[in-house]
Amino acid sequence: MAKKSMIARDVKRKKMVQQFAAKRAALKASFDAAADPMERLEIHRKIQELPRNSAPTRVRNRCWATGKPRGVYRDFGLCRNQLRERAHKGELPGVVKSSW
């Protein structure tokens with residue numbers, strides 16, 4: 001199990017990403033549309049003034065069952081350990097654990 005503080009920090013980041021998503025998308029669109037280099041520089045400064053944790057790249061993929069940050073499979077949102085356990089129990093639809 002991951003530290004509760006790290007999980008809480010990641011939840012806070014996810015909320016902030018959703019909160020600033022529209023503003024960030026609008027600034028990026030205007031940045032791409034701008035032709036003047038000085039105008040692009042000004043828009044880039046505005047993007048940089050947004051909170052650092054509002055960037056989507058700051059969010060970490062974590063296992064929803066344990067909170068582990070490493071070895072997370074995107075399809076299930078589970079870490080490799082939980083994926084293996086649940087596959088053995090037959091709790092994952094369409095997954096068959098092979099053994100020989």
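The model shown is predicted, which means the values in this text are computed figures rather than measured ones.
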With a 4.5 Å limit on heavy-atom distance, are the side chains of K12 and N53 in contact? no
Flag side-chain contact, heavy atom, 4.5 Å: L50 against L27: yes
Are I47 and M16 linked, directly or through other ILVMFWY residues, by side chains that come within less than 4.5 angstrom of each other? yes
Which value, rounded to the nearest 0.5 Å, describes the distance between I7 atom CD1 and T66 atom OG1? 7.5 Å
Could you tell me whether H88 atom NE2 has more than 12 heavy atoms of other residues or ligands within 6.0 Å of it? yes
Is there a chain of hydrophobic side chains (I, L, V, M, F, W, Y, each step under 4.5 Å between heavy atoms) that links V17 to V11? no
Nearest heavy atoms of W64 and F76, plus distance in Å: NE1-O, 3.1 Å
If I compare all heavy atoms of G67 with all of A2, which pair ends up nearest, and what's the gap? O-CB, 3.1 Å
Determine whether R70 and R60 make a side-chain contact, defined as any pair of heavy atoms from C-beta on separated by less than 4.5 Å. yes
Side chains of E85 and Q82, heavy atoms from C-beta outward: is any pair under 4.5 Å? yes
Are any non-hydrogen side-chain atoms of D10 and M6 less than 4.5 angstrom apart? no
Heavy atoms, side chains only, cut-off 4.5 Å: are L83 and V95 in contact? no
Heavy-atom closest pair, residues R86 and L78: CD-CD1, 3.6 Å
Side-chain heavy atoms of P56 within contact of R24, under 4.5 Å: yes
Taking every heavy atom of C79 against every heavy atom of C63, the minimum-distance pair comes out as N-SG, 3.3 Å
Spacing of K14 atom NZ and R9 atom CZ [to the nearest 0.5 Å]: 14.5 Å
Output for pair (R52 CZ, S54 OG), nearest 0.5 Å, gives 10.5 Å
Evaluate R84 against R80 for side chain to side chain contact (heavy atoms under 4.5 Å, CB included), listing each step before the verdict. CA-CA 6 Å; R84 186 171 188 270; R80 58 189 177 82; over 6 Å; no
Go through it in stages, so that I can follow the logic: the residues are E49 and K46, the test is salt bridge (Lys or Arg N to Asp or Glu O under 4.0 Å), and I'd like the CA-CA distance, side-chain angles, deciding distance and then a yes or no. CA-CA 5 Å; E49 287 174 1; K46 287 180 184 176; over 6 Å; no
Verify the cluster assignment for I43 and L41: are they in a single hydrophobic cluster under the rule of side-chain heavy atoms below 4.5 Å apart? no
